[in-house]
Amino acid sequence: MTNSKSTIRGTLPELKFRPCCLLADLVFPSNIPVFGFLWPKIMKDLSAPNLKHVSGISLWGFILRREHSGTVYTCKGGFIDLGHLRDFVDLTRWYYYALKKLITKKGEIKAGTTFPIFKTHGKIEGKASIRKDLQIIDEDSTTDLILLARLIAYDVSVMYEIQTYYSKGIGDRHSSFSPEDLTSNFLGTYVGGKAIKSQIELAKKENLKKDEANATFDHLVTLELIVLLSKLDAVDVDKTLKAYGAINKKWIKEGLIKLVDLLNSDYLQRRNFDVTPVTPWLVEGFSDCSNTSFPSEIELAIPDKIRGMYEAQFKVPFTKTERDAESKEIHKVTEYKYFSSDKFNEYINEVKVLAEEEYGANFNKP
């Protein structure tokens with residue numbers, strides 16, 4: 001994630017870079033993880049100190065272990081990337097406050113109102129447009145506002161997956177639509193939405209100052225993470241490594257990734273394109289899980305009525321290398337393409353054609 005440009009600067013902590021994880025068992029001697037792939041404190045102990053959320057965490061804050069992320073296998077939700085999840089907790093909160101700033105004194109957001117897409121993932125920008133008059137006058141309409149914030153944040157994540165499939169840099173095609181990505185992103189919006197709602201209820205009882213409100217939100221996110229991973233039956237480090245072993249030469253080309261493979265677009269052999277509803281991929285025949293039924297209280301799609309409330313127009317940068325005809329010098333050129341959230345299925349179908357050609361008939365199956 002890159003630094004954010006927003007309309008609500010100063011209200012919330014700035015969005016900063018938070019490392020996420022490739023679906024790989026990448027370790028150095030003495031089992032010291034790198035790049036957040038497997039953090040022992042997360043893998044061995046899912047208690048509050050290790051799940052502590054820090055909004056606006058920076059790269060150095062992450063390295064200094066102010067916040068722990070990594071991948072963990074869950075019996076009911078498959079692999080969960082906590083770096084992805086935490087990103088979309090924060091982004092959901094940002095869009096909720098951006099929407100709140102649009103509410104007029106009459107308690108409504110008028111159809112035709114627009115506001116910018118925050119420049120976060122992949123330097124994607126653009127604008128969100130409200131399609132219907134929204135009356136924000138009671139608990140139900142506040143819930144809708146939270147759902148709308150969740151949807152916008154999730155759409156940004158889908159757009160980022162589409163963008164990165166067409167790029168071969170580190171963190172791009174070799175992990176685009178990775179089986180755990182959309183699930184982790186969506187669950188991040190879920191946890192963020194739950195924490196926002198709890199904070200609203202708390203604010204009715206206490207008049208929180210800005211710093212207190214930020215600390216309270218982080219605390220509520222931490223509590224929601226504990227509940228979520230318990231509901232999903234997260235397993236320990238040994239069983240997570242066993243799950244990695246079970247997808248070797250199936251979801252992934254090799255079991256232990258080499259540093260050179262960070263640039264290989266064919267490392268990941270299976271891609272999860274189930275945008276809505278989200279479909280968690282479980283490791284087939286994983287004997288350490290007695291119950292694999294996803295919790296019914298967690299909906300894996302935003303209601304259609306919320307989808308009808310807005311549309312996003314994304315301006316997406318694509319960088320390519322060109323050689324000057326006269327000087328023969330090689331330089332990078334950035335071109336921009338435009339995408340609509342209403343046409344995600346169309347764009348994803350185009351990516352599916354490419355993925356099937358590259359990875360074979362089972363490219364989109366666990």
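These numbers come from a predicted model, not from an experiment.
Smallest separation of non-hydrogen atoms from Ala355 and Tyr165: CA-OH, 3.2 Å. Heavy atoms only, all atoms of each residue included: Asp90 and Ser55 are closest at OD1-OG, 3.5 Å. The nearest pair of heavy atoms linking Leu99 to Ala149 is CD1-N, 3.8 Å. In this structure, Ala361 and Glu356 approach most closely via the heavy-atom pair CA-OE2, 4.3 Å.
For Thr222 (side chain) and His53 (main-chain N/O), a donor-acceptor pair under 3.5 Å exists by modelled atom type. In this structure, the side chain of Asp133 engages the main chain of Ala111 through a donor-acceptor pair within 3.5 Å. The closest donor-acceptor contact from the side chain of Glu108 to the backbone of Ile136 lies at 3.5 Å or more, if one exists at all. Judged by distance alone, with hydrogens and angles left aside, the side-chain atoms of Ser176 form a donor-acceptor pair with the main-chain N or O of Glu161 at under 3.5 Å. Not one N or O on the side chain of Thr113 forms a donor-acceptor pair closer than 3.5 Å with the backbone of Ile109. In this structure, the side chain of Ser198 does not engage the main chain of Ala195 through any donor-acceptor pair within 3.5 Å. Remark: side-chain polar atoms of Ser167 are not paired, donor with acceptor, to backbone N or O of Thr164 under 3.5 angstrom. No donor-acceptor pair closer than 3.5 Å links the side chain of Thr74 to the backbone N or O of Ala234.
Taking SG from Cys289 and NZ from Lys239, the interatomic distance works out to 7.5 Å, rounded to the nearest 0.5 Å. Rounded to the nearest 0.5 angstrom, Thr279 OG1 and Asp274 CG are separated by 3.5 Å. Taking CZ of Arg270 as the reference point, atom CH2 of Trp281 lies at 7.0 Å (rounded to 0.5 Å). In this structure, CD1 on Ile306 lies 5.0 Å from CG on Leu147, to the nearest 0.5 angstrom.
In summary, the side chains of Glu311 and Ser340 do present a donor paired with an acceptor at a separation below 3.5 Å, with no hydrogens or angles considered. Donor-acceptor pairing under 3.5 Å is lacking for the side chains of Tyr95 and Asp155. Side-chain atoms of Asp140 and Thr143 include no donor-acceptor pair closer than 3.5 Å.
Two rings, from Tyr244 and Tyr73, have their centers 6.0 Å or more apart. Between His121 and Phe88, a ring centre-to-centre spacing shorter than 6.0 Å is recorded.
A cation-pi contact links Arg150 to Phe186, judged by a cut-off of 6.0 Å to the six-membered ring centre and 45° from its axis. Seen from the ring of Phe363, Arg271 does not count as a face-on cation partner, given the 6.0 Å and 45° thresholds. Note that Lys315 lies outside the cation-pi zone of Tyr338, set by a 6.0 Å cut-off to the ring centre and a 45° limit from the axis.
Ring-plane geometry between Phe318 and Phe339 is classed as tilted, the angle between the planes lying from 30 to 60 degrees on a 0 to 90 degree scale.
Around atom NZ of Lys250, more than 12 heavy atoms belonging to other residues, nucleotides or ligands sit under 6.0 Å away.
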- prompt: Can you list the steps and then say if Ser141 with Asp138 is a side chain to side chain donor-acceptor pair (under 3.5 Å)?
  reply: CA-CA 5 Å; Ser141 56; Asp138 55 24; 2.9 Å; yes

